[in-house]
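For reference, the structure is listed below as structure tokens.
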Amino acid sequence: MASLSTTTTATASQQPRPVRHIQTKQAAVPGIGVQLLTAGTAACIADLFTFPLDTTKVRLQVQGEGGSCALQGRGVLGTLFYIGKHEGPSSLYSGIVPGLQRQMAFSAIRIGAYDTVKNKYIEMSGVSGGLQLMGVRVAAGVTTGTLAILAAQPTDVVKVRMQ
């Protein structure tokens with residue numbers, strides 16, 4: 001948000017005219033806890049809407065591995081409606097708890113910690129721009145992605161088993 005202050009200046013041959021000084025306030029950068037929480041929460045909200053499609057995807061993937069043959073040839077929407085009709089709509093959300101745990105862990109670390117890790121790498125390496133900055137960004141992405149997978153993979157296995 002900017003504030004505006006006005007003062008007047010005058011020269012010998014001119015009328016006084018206002019001089020405007022604009023002061024800007026920098027927005028506070030949220031802390032790492034807020035970044036982790038907002039990234040994880042956003043992913044969980046998205047997962048609530050897309051989870052029935054994920055359940056459908058898992059059912060279609062396992063149908064050829066000795067799973068349910070009744071779903072064969074139905075496609076995504078056919079399988080979605082079949083599960084909802086024959087097993088009940090709540091079965092589309094079986095495995096939601098580990099799914100939300102996975103999203104919270106994975107997205108919070110991958111997205112929420114990225115800026116902090118990137119800034120730490122910049123501080124450690126002294127990089128200021130160019131291809132070196134691109135390398136720092138890639139390294140930060142690899143680091144946070146690896147940590148996220150290590151934290152989230154066990155819950156992903158549980159989620160798929162429950163679907």
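Numbering of residues begins at 1 and proceeds along the displayed sequence.
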| task | Kindly indicate, with the supporting measurements, whether the criterion side-chain contact (heavy atoms from CB on, under 4.5 Å) is fulfilled by Leu48 and Leu100. | result | CA-CA 8 Å; Leu48 287 173; Leu100 293 176; 4.2 Å; yes
| After noting the C-alpha distance and the side-chain angles of Thr56 and Leu77, does the key distance pass the side-chain contact (heavy atoms from CB on, under 4.5 Å) rule? | CA-CA 8 Å; Thr56 303; Leu77 287 177; over 6 Å; no
| field | Worked check of side-chain hydrogen bond (donor to acceptor under 3.5 Å, both in side chains) between Thr55 and Gln163 | value | CA-CA 6 Å; Thr55 301; Gln163 290 176 328; 3.2 Å; yes
| task | Starting from the C-alpha separation in whole Å, work towards a yes-or-no answer on side-chain hydrogen bond (donor to acceptor under 3.5 Å, both in side chains) for Thr143 and Tyr121. | result | CA-CA 11 Å; Thr143 301; Tyr121 284 175; 2.7 Å; yes
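Around the CD atom of Gln132, the shell of radius 6.0 Å holds no more than 12 heavy atoms that belong to other residues, nucleotides or ligands.
Between Arg59 and Glu87, at least one side-chain N (NZ, or NE/NH1/NH2) sits under 4.0 Å from a carboxylate O, which counts as a salt bridge.
With contacts defined as side-chain heavy-atom distances shorter than 4.5 Å, the pair Thr144/Thr116 does not qualify. Contact annotation: the side chain of Phe106 approaches that of Ile149 to within less than 4.5 Å [non-hydrogen atoms, C-beta and beyond]. Inter-residue side-chain proximity for Val136 and Ser125 is flagged as met; some heavy-atom pair is nearer than 4.5 Å. Using a 4.5 Å cut-off on side-chain heavy atoms (C-beta onward), Lys159 and Phe51 make contact.
Distance OG1/Thr155 to CD/Gln103: 9.0 Å, rounded to 0.5 Å. Atom CD1 of Ile96 sits about 12.0 Å away from atom OG of Ser90, to the nearest 0.5 Å. A distance of 12.0 Å separates NZ in Lys120 from CD1 in Ile122, rounded to the nearest 0.5 Å.
Thr41 places no side-chain N or O within donor-acceptor distance of the main-chain N or O of Thr38, the cut-off being under 3.5 Å. Looking only at distances, no side-chain donor or acceptor of Ser107 sits under 3.5 Å from a matching main-chain atom of Met104.
Linking ILVMFWY side-chain heavy atoms closer than 4.5 Å, directly or via other members, places Val76 and Phe49 in two distinct hydrophobic clusters.
Taking all atoms of both residues into account, the shortest heavy-atom contact from Ala151 to Ile109 is CB-CD1, 3.7 Å. Heavy atoms only, all atoms of each residue included: Gly145 and Arg110 are closest at CA-CG, 4.5 Å.
Each of Asp54, Asp47, Asp156 was compared with Arg102 under the salt bridge (Lys or Arg N to Asp or Glu O under 4.0 Å) criterion, and only Asp156 meets it.
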